[in-house]
Structure formats: C-alpha cells, structure tokens
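What follows is one structure encoded as structure tokens, with my remarks underneath.
Keep in mind the model is a prediction, meaning the values are calculated, not measured. The analysis underlying the following values was restricted to heavy atoms, covering all of them including side chains, and did not include hydrogens, waters or symmetry mates. Quick note on labels: first sequence line is chain A, next is B, and so on, each numbered from 1.
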There are 2 protein chains.
Amino acid sequence: MNELIQLKSAGLKSTLPRLKVLSLFESGNDRHLSAEDVYRKLLASGDDVGLATVYRVLNQFEQAGLLVKHHFEGDKSVFELNQGEHHDHIVCLQCGRVEEFYDATIELRQKKAAAERGFAVHDHSLYIYANCIKPKCQYKS
Amino acid sequence: MNELIQLKSAGLKSTLPRLKVLSLFESGNDRHLSAEDVYRKLLASGDDVGLATVYRVLNQFEQAGLLVKHHFEGDKSVFELNQGEHHDHIVCLQCGRVEEFYDATIELRQKKAAAERGFAVHDHSLYIYANCIKPKCQYKS
DNA sequence: TTACAAATGAGAATGATTAGCATTAGCAAC
DNA sequence: GTTGCTAATGCTAATCATTCTCATTTGTAA
C-alpha cells in the first residue's frame with residue numbers, strides 16, 4: 001500500500017487511475033503488460049479507466065523511472081516494473097513466454113564496441129527470439 | 001545489372017518495381033532505408049511506384065532473404081541489404097548515424113544464455129542507442 | 001501474339017498510439 | 001470541512017505506419 005508514497009516521490013500526483021495501474025504491476029501476476037493488457041485487466045476488476053489514460057499513465061511512469069518500456073518484435077509496446085537491475089529478454093516465438101537474463105560479459109562488450117567506434121552508450125535493447133524446448137512450450141493457439 | 005538474376009534465383013518474377021527497389025539498395029548510397037525512404041527516393045528519380053508496392057516488395061525481399069528488416073527505437077522499420085554476415089547496430093540518438101558491429105563473444109553468450117534456460121535461439125536483435133562523441137556528431141535539427 | 005496468373009496502384013481499412021477539449025478530481029489555502 | 005485552481009481524466013477524433021481490396025496492368029510461358 002505504499003504506492004501512494006512511490007507516486008509522490010516520483011513527483012506524480014496521487015490519483016485513482018495511477019494507483020490502480022501501479023498496483024497492477026506490483027501485484028506481480030504478470031511482469032510484462034501492454035497498454036491494452038492493463039486496460040483490459042482494470043476493466044475486468046471493475047475499475048473504470050479510459051484507454052487514453054492508461055497510455056498516458058504508462059508513459060509518465062516510464063519517464064519517472066517506475067516502469068521500463070520494451071518493444072518486442074511486432075507492434076505493441078510492453079511495460080514492466082523497474083526494479084533497478086537491468087536485464088535482457090528471451091521471447092518464445094511459439095507461446096510468448098518471456099524470460100529475463102543478465103550477462104555481465106555481454107554488457108561489457110557492448111560498451112567496448114561502442115567506445116571503440118566513438119559512441120557513448122546511452123541505452124541498449126537486446127531481445128532474443130527463440131523457441132521453448134518442449135515440453136516447456138505450450139504452443140499458443 | 002545482375003539484379004534480374006538475383007530476383008529469379010530468389011524465386012521472384014522480375015518486375016519494374018522490384019528491379020528499382022533492389023538497385024536502390026545495391027547502389028549503396030544508404031545502407032539503411034525505411035519504406036518511406038525508398039518510396040521518396042524512387043519518386044525523386046522519376047520512377048513511379050506506389051507506396052503499397054514498396055511495402056510489398058520490401059517484405060517479399062525480406063522473406064526471400066535479400067534484405068534484413070530492423071526495428072530501431074521508434075516507429076518505422078528499416079531495411080538493409082543482406083550480405084550474409086550478421087551484425088548488430090549502434091544508433092546515434094542525436095544525429096541518427098548508424099554503425100554496424102559484430103562481436104563473436106556477444107553472439108556466443110547469447111546462445112549460451114538461451115540454452116541454459118531451455119530455448120533454441122531463432123533470431124535476436126541488439127541495438128545500442130548512444131551519442132556520437134563530438135565532433136563526429138552532426139546534431140540533427 | 002495470346003492468355004492467364006501474378007503484380008501493381010490507389011485508396012480504403014486497420015491497429016496502436018496520441019491529441020484536443022470539455023469535465024472532474026487532487027490538494028493547498030482559507 | 002469549503003473553495004478554487006490546476007492538473008488529470010475520459011471521450012472521441014486524429015495520426016502514422018502498415019496492410020488489404022480490387023480493378024487494371026504486366027511478365028512470361030506456350
């Protein structure tokens with residue numbers, strides 16, 4: 001229930017929609033949610049927020065550093081709670097399962113590659129698209 | 001002028017729009033082009049192709065393995081000639097400059113990370129967003 | 001040259017995301 | 001507690017990249 005405090009310290013006014021969205025991510029049932037996902041889930045739990053508001057809130061949360069935004073292959077963006085430690089993602093092309101991982105060597109070599117070419121790394125995104133090895137994979141549809 | 005042969009061996013009928021698009025990429029003036037870019041350039045050189053056709057052709061070329069498609073941060077996709085050797089990209093957030101690089105260690109560690117978690121890598125995308133170190137960077141706008 | 005399937009072009013349709021604007025709700029000062 | 005003001009919300013319409021539809025045109029093989 002300290003969502004209120006989180007919002008305040010992020011410099012955001014504490015409003016109903018923002019609290020709802022934040023709680024949803026903190027509930028931890030799904031780490032990776034698209035705007036549409038959030039919208040649906042809130043409606044399902046009887047909370048009446050507009051889709052436009054969901055988009056706005058998600059983006060504000062990203063600016064504020066509460067959430068991180070990802071662009072997995074395809075169209076829609078996906079958000080997840082920012083818990084400090086950076087990590088990359090493996091996405092199953094079959095069932096959509098997302099697994100996170102961190103590899104210090106990869107991080108290091110990236111910085112090196114950039115530096116060698118006259119760039120100062122600001123950010124990076126690494127997505128591995130793969131197939132779950134059966135039987136882990138529940139082929140979707 | 002062997003674009004014709006390339007199309008044939010890719011199993012594609014040799015048509016005007018396809019030849020034009022392929023030549024454009026082979027001319028090598030810009031390695032990374034969006035559909036819009038291609039469309040504009042063709043119009044500029046007096047070749048009258050429809051935007052829808054450009055999209056179709058680019059996607060067919062991707063299927064055929066002639067081009068590779070990338071999703072740099074933001075909206076539109078970007079295509080580049082597939083010249084066999086895989087590589088990743090560094091994109092300057094300021095001026096848009098794109099540099100390519102390949103790091104065997106990174107590739108290896110990715111495969112390893114995936115395998116350890118029960119995935120068979122199908123594909124991956126790694127984009128480093130950075131800032132050119134001055135004075136290389138011609139700050140855009 | 002003919003004939004037919006495949007390709008093209010123009011514009012409508014789609015899907016995700018954002019903008020505009022009237023209405024409502026936090027919140028600080030009475 | 002009220003009051004009042006600004007920021008936030010919720011619609012809906014707009015945008016932007018991309019895809020679809022379908023009538024027309026173009027390769028190509030016979």
Side-chain angles (χ1 to χ4, degrees), chain A residues 1 3-24 32-43 45-64 66-79 96, chain B residues 1 3-24 32-43 45-64 66-79 96:
Chain A
M1 277 311 149
E3 279 98 7
L4 201 149
I5 297 164
Q6 290 187 62
L7 288 178
K8 296 262 168 160
S9 41
L12 294 170
K13 195 184 281 187
S14 155
T15 69
L16 248 332
R18 299 216 256 240
L19 288 169
K20 297 285 176 54
V21 172
L22 189 50
S23 309
L24 180 53
H32 304 92
L33 297 170
S34 69
E36 193 68 30
D37 292 338
V38 171
Y39 178 64
R40 272 198 232 295
K41 285 189 179 263
L42 289 186
L43 283 197
S45 50
D47 300 311
D48 223 332
V49 289
L51 180 54
T53 300
V54 170
Y55 273 102
R56 268 187 303 239
V57 169
L58 290 175
N59 286 324
Q60 291 161 346
F61 282 7
E62 194 207 355
Q63 315 284 41
L66 295 172
L67 295 178
V68 182
K69 187 191 220 165
H70 295 291
H71 305 275
F72 295 157
E73 193 87 5
D75 27 21
K76 50 187 69 167
S77 309
V78 165
F79 294 80
Chain B
M1 277 312 151
E3 279 98 8
L4 201 150
I5 298 164
Q6 290 187 62
L7 288 179
K8 296 260 168 159
S9 40
L12 294 170
K13 193 184 284 188
S14 155
T15 69
L16 249 331
R18 300 216 255 239
L19 288 170
K20 298 284 176 54
V21 171
L22 189 49
S23 308
L24 181 54
H32 304 91
L33 297 170
S34 68
E36 193 68 29
D37 292 338
V38 171
Y39 178 63
R40 271 198 232 295
K41 285 187 178 265
L42 290 186
L43 283 196
S45 51
D47 299 311
D48 223 333
V49 289
L51 180 55
T53 301
V54 170
Y55 273 102
R56 267 186 303 236
V57 168
L58 290 175
N59 285 324
Q60 290 160 346
F61 282 6
E62 194 207 354
Q63 314 284 42
L66 294 173
L67 295 178
V68 182
K69 187 191 221 166
H70 295 292
H71 304 276
F72 295 158
E73 192 85 6
D75 26 24
K76 51 187 68 167
S77 308
V78 165
F79 294 80

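Mapping B:V54 and A:K76 onto DNA chain C by nearest heavy atom places B:V54 at the nucleotide closer to the 5' end. The residue among B:L16 and B:A52 whose nearest nucleotide of DNA chain D is located toward the 5' end is B:A52.
Contact detail for A:L4 and A:S14: the closest heavy-atom pair is CG-OG, 4.0 Å. Nearest heavy-atom pair across A:V54 and A:A35 is CG1-O, 3.6 Å. Summarising the geometry of B:L51 relative to B:Y39, their closest heavy-atom pair is N-CE1, 3.5 Å, with the distance given to 0.1 Å.
In this structure, the nucleotide among D:dT18, C:dA7, C:dT17 sitting nearest to the side chain of B:S77 is D:dT18. Nearest nucleotide to the A:K13 side chain, out of D:dT9, C:dC27, D:dA17: C:dC27. With D:dT12, C:dG9, C:dT17 as the choices, the nucleotide that has an atom nearest any side-chain atom of B:V49 turns out to be C:dG9.
Counting heavy atoms from C-beta outward, B:L33 and B:V78 have side chains that stay 4.5 Å or more apart. No side-chain heavy atom of A:K20 sits less than 4.5 Å from a side-chain heavy atom of A:V57. Here the side chains of A:R18 and A:T53 are not in contact, with every heavy-atom distance at 4.5 Å or above. B:F61 places a side-chain heavy atom less than 4.5 Å from the side chain of B:L7. The shortest distance between side-chain heavy atoms of B:K69 and B:N59 falls below 4.5 Å.
Comparing the local axis fitted to the first five base pairs of the helix from C:dT1-D:dA30 to C:dC30-D:dG1 with the one fitted to its last five gives a bend of 30°, rounded to 10°.
Here D:dC16 presents its P atom at 14 Å from CG of B:L51, a figure rounded to the nearest Å. Rounded to whole angstrom, the span from the CZ atom of A:R56 across to the P atom of C:dC21 amounts to 14 Å. As rounded to whole Å, 10 Å separates atom P of D:dG10 from atom CG of A:L43. As rounded to whole Å, 7 Å separates atom P of C:dT17 from atom CG of A:D75. Protein atom CG of B:L4 is 12 Å distant from nucleotide atom C1' of D:dT28, rounded to whole Å. One interatomic measurement links the two molecules: OH of B:Y39 to C1' of D:dC16, which rounds to 15 Å at whole-angstrom precision. For the pair B:Y55 OH and C:dG15 C1', the computed distance is 14 Å after rounding to whole Å. Distance A:Q60 CD to D:dT9 C1': 10 Å, rounded to the nearest Å.
At the heavy-atom level, A:S34 lies nowhere under 4.0 Å from the strands shown. Within the 4.0 angstrom heavy-atom criterion, only backbone atoms of the sugar-phosphate kind lie near B:R18; the bases stay farther away. If you check every strand for non-hydrogen atoms under 4.0 Å, A:T53 touches a base. Within the nucleic acid shown, B:S14 comes within 4.0 Å of sugar-phosphate atoms alone, with no base atom in reach, counting heavy atoms only.
For C:dC27, the OP1/OP2 oxygens have a side-chain nitrogen or oxygen of A:K8 closer than 4.0 Å.
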